[in-house]
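Worksheet: the structure to be examined is printed underneath.
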2 protein chains.
Amino acid sequence: METLAKTTAADVTACLKAVSDPTRLLMMKLVETNELCVCQFVEMFGMSQPAISQHLRKLKQAGLVKENRKGQWRFYSLNQDSVHAPLLQNILSHIEEADPQLLALRAKEAPVDCC
Amino acid sequence: METLAKTTAADVTACLKAVSDPTRLLMMKLVETNELCVCQFVEMFGMSQPAISQHLRKLKQAGLVKENRKGQWRFYSLNQDSVHAPLLQNILSHIEEADPQLLALRAKEAPVDCC
DNA sequence: TCAGTATATAACCATTTCGTTATATAAGTC
DNA sequence: GACTTATATAACGAAATGGTTATATACTGA
């Protein structure tokens, strides 16, 4: 029997601060299912590589994503083991798949070796 | 049959920005059931009246709370009619009732006429 | 009308946030 | 080892955030 994972208000705030930025929220939506590497994010968001790296660092420090190194690449994906995972997935479920911003990003997703 | 209210990523971000502050998140938790007036928040949070007013303004501008004027007092409560209400209540449900911060605030709740 | 109380707004300041450019680190290739 | 590619970190600046104090507004009651 599943019970709702409960946390303190401070925990919830920490999670919310991490995803209350439009770029980071969309990043989390994108890695909800797939894993993506830094260079893919750079392509999709049209943002500088350091900007992307810094967003990912915040998400990682909050425990929301996990890192998976493959050669020179670092892939990021949703960290299911986080205490925040249930809340996070709850939040992400409120974003409609038809959101134009989200669709536009997904349209720019390219295979890794192209970077 | 209830279907999950879906919104754009921008909508979700707007809601999250409003409640990603520790004071405002706790404010929302407090008005989830009760309605509270400004002077009660001031007492509970031990913060200046303008600071409280400004937090409430942000919550109101995001549509998360509604205002109810009674004489000189303005009571705030969760706005059930907001597009954000389902997401918001989802978020609030992740805060445990036993959270010491929350309990401490509730312990300071005083009747209105005392202010 | 005047005084008191409740709340909002304005002006200001310190800190944080989010981007940039420049540079460092680490892995892959020749 | 030298060169390229992928990523991280450092340093910096503009804008946003969240608090303060001072002041304005609005309702209450004598």
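Values below: every heavy atom of this structure, side chains too, minus hydrogens, waters and symmetry copies. Per chain, numbering begins at 1; letters A, B, ... match sequence-line order.
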Going by side chain to side chain donor-acceptor pair (under 3.5 Å), name the residues that satisfy it together with B:S53, two or more places apart in sequence or in a different chain.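 Partners of B:S53 under the side chain to side chain donor-acceptor pair (under 3.5 Å) test: B:Q49.
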Across all chains, not counting sequence neighbours, the side chain to side chain donor-acceptor pair (under 3.5 Å) partners of B:Q72 are none
Smallest separation among heavy atoms of A:L25 and A:V19, with atom names: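 What the structure gives for the nearest pair is CB-O, 3.4 Å.
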Going 5' to 3' through nucleotides 22-30 of chain C and flagging B where a protein heavy-atom sits under 4.0 Å of the base, S where only the sugar-phosphate is that close, and - otherwise, we get B----SS--
For residues 79-92 of chain A, which residue pairs qualify under salt bridge (charged side-chain N to carboxylate O under 4.0 Å, His left out), counting only residues two or more places apart or in two chains?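 For residues 79-92 of chain A, and leaving out neighbouring residues, there are no salt bridge (charged side-chain N to carboxylate O under 4.0 Å, His left out) pairs at all.
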Enumerate the residue pairs fulfilling salt bridge (charged side-chain N to carboxylate O under 4.0 Å, His left out) with a member in residues 25-41 of chain B, sequence neighbours excluded, ordered by first and then second residue.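 Qualifying pairs, neighbours excluded: B:K29-B:E32, B:K29-B:E97, B:E35-B:K70.
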Short side-chain N/O contact from A:H55 to OP1 or OP2 of C:dT17, under 4.0 Å: no
Phosphate OP1/OP2 of C:dT20: any A:S48 side-chain N/O under 4.0 Å: yes
Calculate, to the nearest 0.5 Å, the distance between atoms [atom1] and [atom2] belonging to [X] and [Y] respectively.
X	Y	atom1	atom2	value
A:L26	A:F41	CG	CZ	10.5 Å
A:L88	A:Q80	CG	CD	9.0 Å
B:F45	B:L30	CZ	CG	5.0 Å

When the distance from [atom1] of [X] to [atom2] of [N] is rounded to whole Å, what number comes out?
X	N	atom1	atom2	answer
A:Q54	D:dA10	CD	P	10 Å
B:L36	C:dA6	CG	C1'	15 Å
B:L56	D:dT17	CG	P	17 Å

With distance as the sole test, does B:Q40 use its side chain to make a donor-acceptor pair with the main-chain N or O of B:A110 at under 3.5 Å? yes
A:F41 near the nucleic acid: base, sugar-phosphate alone, or nothing, with a heavy-atom cut-off under 4.0 Å? nothing
Which part of the nucleic acid, if any, lies within reach of B:F45 when heavy atoms closer than 4.0 Å are counted: base, sugar-phosphate only, or nothing? nothing
Throw together a table of side-chain donor-acceptor distances under 3.5 angstrom for residues 54-64 of chain A, partners on residues two or more places apart or in other chains.
from	atom 1	to	atom 2	distance (Å)
A:H55	ND1	A:R24	NH1	2.9
A:K60	NZ	A:E67	OE1	3.2

Test side chain to side chain contact (heavy atoms under 4.5 Å, CB included) applied to B:D99 - qualifying residues, sequence neighbours left out: A:T8, A:A9, B:I95, B:E96, B:Q101, B:L102
For A:A51, side chain to side chain contact (heavy atoms under 4.5 Å, CB included) partners two or more places apart: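 Side chain to side chain contact (heavy atoms under 4.5 Å, CB included) list for A:A51, sorted by chain: A:M47, A:S48.
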Terminal axis angle for the helix from C:dT1-D:dA30 to C:dA27-D:dT4, five pairs an end, nearest 10 degrees: 20°
The correct set of residues in residues 11-21 of chain A placing a heavy atom under 4.0 Å from DNA chain C is A:K17, A:D21
Does any residue of residues 57-68 of chain B have a heavy atom under 4.0 Å from DNA chain C, and if so, which ones, in number order?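 Within residues 57-68 of chain B, the residues near DNA chain C are B:R57, B:E67.
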Of B:V38 and A:A51, the one whose nearest nucleotide on DNA chain C sits closer to the 5' end is B:V38
Are A:D11 and B:H94 side-chain neighbours, meaning at least one heavy-atom pair lies under 4.5 Å?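 The answer is no; the side chains never approach within 4.5 Å.
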